[in-house]
Amino acid sequence: MIRLERRPAPSRAWAWATPLLAVLATMVAGGLLFAFLGKDPLLVIRTIFWDPILGEFAFYYRGQLLVKAGPLILIAIGLSLGFRAGVWNIGAEGQYIMGAICGAAVGLAFYPLEARWLIFPLMVLAGGLGGFLWAMIPGILRTRFNTNEILVSLLLVYVAEQILAWMALGPLRSPDGAGFPGSRNLRHYDSAANHELISGSGMHWGLVAAFIAVILGHVLLSRHILGFNIRLAGASPRAARFAGVNPGLLVLTCLGVSGALAGFAGLFEVAGPAGQINIDFNVGYGFTAIIVAFLGRLHPVGILLAGFLMALTYIGGEAAQATLGVPAAAIQAFQGMLLFFLLALDVMTNYRVRIDARARA
Amino acid sequence: MDLGSINPVLLIAALLLASTPILLAAMGELVVEKSGVLNLGVEGMMIVGAVSGFMAAVESGSPTLGFLAAAAAAAVLALLFGVLTQVLLSNQVATGLGLTLFGLGISSLMGQGYVGIRPPASPRLELPVLSELPVVGPVLFSQHALVYLSLALVLGVWWYLRSTRSGLILRAVGESHEAAHALGYSVLGTRLAAIAFGGALAGLGGACLSLVIVPQWTEGMTAGRGWIALAIVVFGSWRAWRVLLGAYLFGGVSVLQLNLQAAGIAIPVELLSMSPYLITILVLVVISSDKRRAQVNAPNSLGRTFHASG
């Protein structure tokens, strides 16, 4: 008879092994999925995971990899703090949108003034603030009225999408756009543009921010009292209260930080790769970042690696779509599958599998 | 603006139908949560139900087969969640989210060749004589069969949870899984059954959307209805009749805002479109601000992992 026995402490070896095993299992299951779609599974897997890094056109894809990984890492770092403390902000997509709208609005308000030293920093601040305030809505409702932050933060994504559409068609619409939806392109406005720092590398300020977030996140969790409190509240809310942790403040901090980081990510995206506020601006980074956070074991360094892996599935997925005709939706299913395998294999981290030779009485 | 173009009788008749997907999904989730499991994957199960039902109905030409396929497909997906959370003891919040993300992906993959097709029509159930009555006729007696089914389910779930032995066991499992386990009831079996039931209803709700209300398949067509269903279970404080009330309230808001959009009222369309979500949040706040009542009604073991040691 097979049974599970709780480990006294989670296994460190398994904690690092499960993401790798989950990726392998997803490749196998994904390969089956692609075979079912009538594609050569090995070829598809190679196109997704190998070619963008080491294939013929890797020089183009490598830059794209950074562009996609930036927002994923930035958002996931913020989410991981909350997830560790048992605060579930799943509305990062909405905070990302609001950050982009607020930041872009500030930039557009100055148009066509050229003063990069003033405008770009102000936009970054506005972006962070936009995401922060949007995340404060579920935060304050949770602490003040005991409302479930999971549902509120998620429902606010749909509200943010409507605001985005309204902005793209109304207040922020480009006066020179000949009636087309969408704001002015910020990339053509030097004071507001988030240009590549090294041409052709894909490296922009959003990635710099992501790397800083990884480092600060690591320091916070391993060295700072707030990081300790976050981990304590996640492991044992009761012990945290005895230790004098203010639960309401912790909720607000976690939501605020993750909202602000998502807002930054939105701003860097709208001023750089996306270029403008438009109806189809958001592409689901806020949701994929949830997978990134879990795949990275809620650990900053892990999230850095997971962010690149997820970015790879986006890039490779696009390549597979272009060259092999693999539907774009297959990649989304593939990413969801990865989270499933990770959660399923995680049982090994917390439990031992015991096989009893004799049937137990 | 032409508010006179809004016909109150048709509005109420449309409301009952528009609320049905949410009501079905919320009834399923109510049973799941009563058994102590929080399944945040309602949105994913609904959309998988929507696409599978649509495909089955188009291929077979029979809407009934479509509804059955939708319920079955979503129940299978729900059981995936069940195995992960109950057997492999994964975190319910994370797994539920994963279910939603996976469901959204796999549904658009499945529905690739079905965009823009019209499904076979599933006619309303016109009750002879009664449906000819003024006002009550169109409102009560010429609805789609799923509307009646959803109302019967409210009655059935209420009766099941209140007055049957197995309903009592299910509630016991949800209140204290340790105690239920000690008494010899199967926590695992009860919860898996509840999860499958919840999945089937969510799938049925999704198919109601793609086969009856819209009726068409578009990617992401559930548009947050699964999340609203989750919110309605909280709003209804885990009671069947209040969940019914909640579902109709939100059906009302969404039908009304669509009518206002059509009437060309001078409010931005986006503001009207976001109103169902905003009102859901508002009502959640009102309900949960009464801390004591929220705690009394919520199942005690909700969202907690059960591991029978020894």
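Chain A is the first sequence line, chain B the second, and so forth, proteins listed ahead of strands; every chain is numbered from 1. All of these numbers come straight from a predicted model, not from anything done at the bench.
Looking only at distances, no side-chain donor or acceptor of A/Ser258 sits under 3.5 Å from a matching main-chain atom of A/Leu81.
Note that the CD1 atom of B/Ile106 and the CG atom of A/Leu33 stand 5.5 Å from one another [nearest 0.5 Å]. In this structure, OG in B/Ser107 is found 14.0 Å from OH in B/Tyr114, a value given to the nearest 0.5 Å. Interatomic distance, CD1 of B/Ile228 versus OG of B/Ser254, reported as 7.5 Å (0.5 Å rounding).
Heavy-atom distances place the side chain of B/Val234, and not its backbone, under 4.5 Å from chain A. Proximity to chain A (any heavy atom under 4.5 Å) is shown, for B/Leu99, by both the backbone and the side chain. Of the two parts of A/Leu343, the backbone and the side chain both hold a non-hydrogen atom closer than 4.5 Å to a non-hydrogen atom of chain B. Both the backbone and the side chain of B/Val285 come within less than 4.5 Å of a heavy atom in chain A. Looking at A/Leu155, the atoms closer than 4.5 Å to chain B (heavy atoms on both sides) sit in the backbone and in the side chain alike. For a residue to count as touching a neighbouring chain, one of its non-hydrogen atoms must lie under 4.5 Å from one of that chain's; by this rule B/Leu230 touches chain A with backbone and side chain alike. Heavy atoms closer than 4.5 Å to chain B are found nowhere in A/Phe334, neither backbone nor side chain. With a threshold of 4.5 angstrom between heavy atoms, A/Leu338 does not approach chain B through any atom at all. Heavy atoms closer than 4.5 Å to chain B are found in the side chain of A/Ile291, but not in its backbone. Residue contact with chain B, scored on non-hydrogen atoms closer than 4.5 Å, involves the side chain of A/Leu169 exclusively. Using a 4.5 Å cut-off between heavy atoms, A/Phe294 touches chain B through its side chain atoms alone.
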### Query
Going through the distances and angles, do A/Phe281 and A/Tyr96 end up as a ring pair (Phe, Tyr, Trp, His ring centres under 6.0 Å)?
CA-CA 10 Å; A/Phe281 164 70; A/Tyr96 171 84; 5.4 Å; yes
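If you check the side chains of A/Trp88 and A/Glu149, you find no donor sitting under 3.5 Å from an acceptor. A donor atom on one side chain and an acceptor atom on the other are not found under 3.5 Å apart for A/Ser80 and A/Arg297. Using modelled atom types and a 3.5 Å distance limit, the side chains of A/Thr313 and A/Gln335 yield a donor-acceptor pair.
For B/Ile22 against B/Ala247, the heavy-atom pair with the smallest separation is CG2-CB, 4.5 Å.
Contacts with chain A were tallied for B/Ala94, B/Pro276, B/Ala231, B/Ser275; B/Ala94 has the most, counting heavy-atom pairs under 4.5 Å. By number of non-hydrogen pairs under 4.5 angstrom with chain A, the leading residue of B/Glu270, B/Gln112, B/Met110, B/Met274 is B/Glu270. No other option in B/Leu278, B/Val93, B/Leu101, B/Ile281 has as many heavy-atom pairs under 4.5 Å with chain A as B/Val93.
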